[in-house]
There are 2 protein chains.
Amino acid sequence: MQVTRAGEYGVLGLLHLARRGAGQVVMIDEVSREERIPKSFLAKIFQSLARAGLVRSNRGIGGGFALAKEPAEITTLDVIEAIEGPIAFQRCLEAPTECPHTGGCPLCGLFEQAQTQVRDVFSRTTLADLMKSRVPAAAPATSLKPRAPTPARAAV
Amino acid sequence: MQVTRAGEYGVLGLLHLARRGAGQVVMIDEVSREERIPKSFLAKIFQSLARAGLVRSNRGIGGGFALAKEPAEITTLDVIEAIEGPIAFQRCLEAPTECPHTGGCPLCGLFEQAQTQVRDVFSRTTLADLMKSRVPAAAPATSLKPRAPTPARAAV
DNA sequence: TTCAAACAGGACCAAATCGGTCCTGAATCG
DNA sequence: CGATTCAGGACCGATTTGGTCCTGTTTGAA
């Protein structure tokens with residue numbers, strides 16, 4: 001029941017790109033250094049993000065990564081699922097295979113509810129929201145609401 | 001991002017006890033057989049549940065396990081956390097250690113939201129609810145998500 | 001045209017977790 | 001006593017996590 005480091009690093013990395021400004025090309029090396037994420041690992045993570053179309057990559061001198069969309073159009077769900085694959089609380093929720101438990105398994109409904117809630121939270125929060133929500137590091141954690149007013153977002 | 005088999009088996013096992021009636025003492029062997037859960041594994045899981053005070057155990061002839069509370073007083077969160085430990089989406093949410101990321105980590109708030117949602121879903125659903133929600137393979141359940149009507153289940 | 005910078009991608013790896021099994025031991029009942 | 005039933009720990013194989021490393025391939029500039 002955890003978001004993996006890879007997922008976490010992915011969001012952090014994209015957030016770094018977002019802060020550097022839209023369209024800005026940034027090298028893995030910088031992101032790695034400033035966000036304190038192992039470079040090789042981050043490189044691998046960004047590969048997934050590139051394949052998912054969340055970033056564009058450029059090779060060679062002056063190369064690096066840039067966001068492929070506006071920060072407000074990239075949800076944390078996009079990022080996490082690009083890296084970890086679809087969020088699925090249980091096997092029965094990811095495959096068409098039937099639940100093997102006695103008579104209509106009562107748990108599937110429950111797991112599905114939980115899963116939906118999580119996906120909702122992540123799909124409502126974009127990189128833009130996270131940028132706004134940065135807390136001043138010393139203040140006694142005001143409100144942990146990363147905002148919600150993202151209107152019409154086509155979740156997934 | 002999954003509920004482990006152990007957690008799932010735990011809920012299923014307690015649900016079995018609940019169905020057998022309050023106070024009923026049932027042997028691991030029966031639960032294992034009828035719920036199709038490996039016996040040794042289930043025994044281990046029930047140890048956790050006993051330690052958490054969710055079931056009472058009796059040894060010797062005529063022994064077995066019985067619910068320690070009313071089904072309506074045992075939430076699925078109780079069960080899952082008794083087995084898997086506290087639900088924590090991220091390290092920063094389980095320990096007092098600080099998030100190591102640049103300036104107040106914006107992710108903690110997000111993960112906390114997701115985590116809260118999940119815990120809410122599980123803490124709102126008791127064994128009694130799950131008993132009620134058993135879908136008779138055709139009747140449209142009201143409150144809980146109806147799930148696809150489980151058709152012919154194959155033997156294990 | 002060549003070279004170095006930068007990403008692409010796969011092989012590999014150690015450690016942790018998952019999903020169990022198995023064995024010994026202790027309690028309990030008849 | 002002895003059968004039964006749980007308690008608890010050791011152990012185990014497979015998978016996942018969290019990386020590293022090495023060999024490309026692309027690109028821009030000297």
Side-chain angles (χ1 to χ4, degrees), chain A residues 1-10 12-13 17 24-33 35-66 68 80 82-91 94 100, chain B residues 1-10 12-13 17 24-33 35-68 80 82-91 94 100 156:
Chain A
M1 184 66 64
Q2 278 205 173
V3 174
T4 64
R5 300 251 178 196
E8 182 186 341
Y9 291 162
L12 250 11
L17 294 200
Q24 270 289 340
V25 172
V26 184
M27 289 187 301
I28 277 285
D29 202 66
E30 174 188 319
V31 181
S32 159
R33 204 173 344 97
E35 300 294 336
R36 292 177 174 73
I37 299 170
K39 181 176 166 180
S40 313
F41 194 28
L42 187 61
K44 177 151 296 191
I45 292 165
F46 266 61
Q47 280 181 35
S48 303
L49 297 176
R51 272 193 294 266
L54 299 179
V55 293
R56 276 176 294 98
S57 69
N58 309 283
R59 305 205 218 191
I61 297 172
F65 292 89
I80 292 172
I83 295 167
E84 304 185 4
I87 287 180
F89 265 61
Q90 271 298 307
R91 293 142 284 276
E94 55 188 290
Chain B
M1 183 66 62
Q2 279 206 171
V3 173
T4 64
R5 299 250 178 198
E8 182 186 341
Y9 291 163
L12 250 12
L17 293 198
Q24 269 289 341
V25 172
V26 184
M27 290 188 301
I28 279 285
D29 202 66
E30 175 189 318
V31 181
S32 160
R33 205 176 339 101
E35 301 293 337
R36 291 178 176 73
I37 299 170
K39 181 176 166 182
S40 314
F41 194 29
L42 187 61
K44 175 150 299 191
I45 292 166
F46 266 60
Q47 280 180 36
S48 304
L49 298 176
R51 272 192 294 266
L54 299 179
V55 292
R56 277 176 293 98
S57 69
N58 309 283
R59 304 204 217 191
I61 296 169
F65 292 88
L67 290 186
I80 292 172
I83 295 168
E84 302 185 4
I87 287 180
F89 265 60
Q90 270 299 307
R91 294 140 285 275
E94 53 187 288
V156 179

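We name chains A, B, ... by the order of the sequence lines, and we start the count at 1 in each one.
In this structure, the side chain of B:Ser32 does not engage the main chain of B:Pro38 through any donor-acceptor pair within 3.5 Å.
Rounded to whole Å, the distance from CG on B:Leu42 to P on D:dC6 is 10 Å. A:Phe46 places its CZ atom 17 Å from the P atom of D:dG18, with the value rounded to the nearest Å. Rounding to whole angstrom units, CD of residue A:Gln2 and C1' of D:dG18 are separated by 13 Å. Put simply, CD on B:Gln47 is 5 Å from C1' on D:dG8, counting in whole angstrom units. Between the CG atom of B:Leu49 and the P atom of D:dG8 there is a distance of 13 Å, rounded to whole Å. Between B:Ile83 atom CD1 and C:dG19 atom C1' there is a gap of 13 Å when expressed in whole angstrom units. We find that CZ of B:Phe41 is positioned 9 Å from P of C:dT21, with the value rounded to whole Å. We find that CD1 of B:Ile80 is positioned 13 Å from P of C:dC18, with the value rounded to whole Å.
You'll find a donor-acceptor pair under 3.5 Å spanning the side chain of A:Lys44 and the base of D:dT20, going by distance alone.
One finds no side-chain N or O of B:Tyr9 lying less than 4.0 angstrom from the OP1 or OP2 phosphate oxygen of C:dG19. Taking side-chain N and O atoms only, A:Arg51 has no distance below 4.0 Å to OP1 or OP2 of C:dA8. Close to D:dA7, at under 4.0 Å from its OP1 or OP2, lies a side-chain N or O of B:Ser57.
Taking CG from B:Leu42 and CZ from B:Arg36, the interatomic distance works out to 14.0 Å, rounded to the nearest 0.5 Å. Taking CZ from B:Phe46 and CG from B:Leu17, the interatomic distance works out to 4.5 Å, rounded to the nearest 0.5 Å.
Residue-level contact check: A:Asp29 touches neither bases nor backbone, having no heavy atom under 4.0 Å from any strand. B:Phe65 comes within 4.0 angstrom of sugar-phosphate atoms only, judged by non-hydrogen atoms across all strands, and of no base. Nucleic acid contact for B:Arg56: none, since no nucleic acid atom lies under 4.0 Å from a heavy atom of the residue.
Taking both residues in full, the closest heavy atoms of A:Ala82 and A:Ser48 are given as O-CB, 3.8 Å, listed atom of the first, atom of the second, then distance.
Of the two residues near DNA chain C, A:Lys39 and A:Met1, the one whose nearest nucleotide lies more 5' is A:Lys39. Annotation: of the two residues near DNA chain D, A:Arg59 and A:Pro38, the 5′-most nearest-nucleotide partner is A:Pro38. Toward the 5′ end of DNA chain D lies the nearest nucleotide of A:Ser40, the other residue of the pair A:Ser40 and A:Gly60 mapping further downstream.
With a 4.5 Å cut-off on side-chain heavy atoms, B:Met1 and A:Val3 count as touching.
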